[in-house]
**Student:** 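Okay, handing you the structure first.
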Amino acid sequence: MSSFSSWGPSDDGRIKPDISMKGVNVLSTVSSSDTALGYMSGTSMAAPGVTGVVLLLQQYYNQLYSSFMRSATVKGLILHTADEAGTTIGPDYSFGWGLINAQKSAMAIRD
């Protein structure tokens, strides 16, 4: 958990965040040149990672079943295949349902 992270609950008591991903010291592209890389931190690093996982899972599902999952299906899949994070078992207001696990999600789609 980074010092700049926000966590829940939401104003109406829902678990937030829903899912967590590495967002500190992530190797990423930087704007100094077309080939430049640098380490960056923040939700701007975690969100693209989650988005990439969702895209790959949708692509995999489509290859197997010739259709795409509904958004609620993807959310449920990701939440229920997440790795535990934090000091308490189950969803919490710091890590949500845990750390996203693309491999476990893909195996659930396959199986």
**Student:** Within a reach of under 6.0 Å around CD of Q63, are more than 12 heavy atoms found that belong to other residues, nucleotides or ligands?
**Tutor:**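 Counting other residues, nucleotides and ligands, CD of Q63 exceeds 12 neighbours.
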**Student:** Rounded to the nearest 0.5 Å, what's the gap from CD1 on I109 to CD on Q58? Could you check?
**Tutor:** 7.5 Å
**Student:** With hydrophobic residues grouped by side-chain heavy-atom distances under 4.5 Å, do M21 and V24 end up in a single group?
**Tutor:** no
**Student:** What side-chain hydrogen bond (donor to acceptor under 3.5 Å, both in side chains) pairs are there with at least one residue in residues 12-30, not counting sequence neighbours?
**Tutor:**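 Checked against side-chain hydrogen bond (donor to acceptor under 3.5 Å, both in side chains) - neighbours excluded - the pairs reaching residues 12-30 are S10-D12, D12-R14, K16-D18.
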**Student:** Taking all non-hydrogen atoms of both residues, which atom of Y60 and which atom of A106 are closest, and how far apart?
**Tutor:** CE2-O, 3.4 Å
**Student:** Any non-hydrogen side-chain atom of W7 less than 4.5 Å from a side-chain atom of D92?
**Tutor:** no
**Student:** What closest approach, in Å, do T81 and N101 show between heavy atoms, and which atom pair accounts for it?
**Tutor:** O-CB, 3.5 Å
**Student:** Does atom CD1 (I89) have a neighbourhood of more than 12 heavy atoms from anything else shown, all under 6.0 Å?
**Tutor:**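 Open: at most 12 neighbouring heavy atoms sit under 6.0 Å from CD1 of I89.
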**Student:** How long is the gap from CG on N62 to CG on L57, to the nearest 0.5 Å?
**Tutor:**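 The CG atom of L57 is 12.5 Å from CG of N62, to the nearest 0.5 Å.
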**Student:** Provide the closest heavy-atom pair for I19 versus G98 in the form atom of the first, atom of the second, distance.
**Tutor:** CD1-O, 3.3 Å
**Student:** To the nearest 0.5 Å, how far apart are CG in L37 and CG in L27?
**Tutor:**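 These two atoms lie 5.0 Å from each other.
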**Student:** Might you work through the side-chain contact (heavy atoms from CB on, under 4.5 Å) test for Y39 and V26, ending with a clear yes or no?
**Tutor:** CA-CA 5 Å; Y39 288 92; V26 176; over 6 Å; no
**Student:** Identify whether V54 and M69 are in the same connected component of the hydrophobic contact network (ILVMFWY, side-chain heavy atoms under 4.5 Å).
**Tutor:**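 Yes; M69 is reachable from V54 via cluster members.
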**Student:** If you compare all heavy atoms of G13 against all heavy atoms of Y93, which two are closest, and at what distance to 0.1 Å?
**Tutor:** O-OH, 3.4 Å
**Student:** Does the side-chain contact (heavy atoms from CB on, under 4.5 Å) test come out yes or no for W97 and I78, once each step is laid out?
**Tutor:** CA-CA 9 Å; W97 273 257; I78 287 172; over 6 Å; no
**Student:** Group every Ile, Leu, Val, Met, Phe, Trp and Tyr by side-chain heavy-atom contacts under 4.5 Å, then state whether L64 and Y61 land in the same group.
**Tutor:** yes
**Student:** Using the side-chain contact (heavy atoms from CB on, under 4.5 Å) rule, take K104 and D83 through it: C-alpha gap first, then chi angles, then the decisive distance, then the call.
**Tutor:** CA-CA 9 Å; K104 211 189 287 186; D83 291 335; 3.2 Å; yes
**Student:** Within a 6.0 Å radius of atom CZ on R110, are there more than 12 heavy atoms belonging to other residues, nucleotides or ligands?
**Tutor:**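 Result for CZ/R110: enclosed.
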**Student:** When you group the ILVMFWY residues by side-chain heavy-atom contacts below 4.5 Å and let the links chain together, are V53 and M45 in the same group?
**Tutor:**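 They do not share one cluster, since no chain of ILVMFWY contacts under 4.5 Å joins M45 to V53.
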**Student:** What about I15 and L77, same hydrophobic cluster or not, with Ile/Leu/Val/Met/Phe/Trp/Tyr joined at side-chain heavy-atom distances under 4.5 Å?
**Tutor:** yes
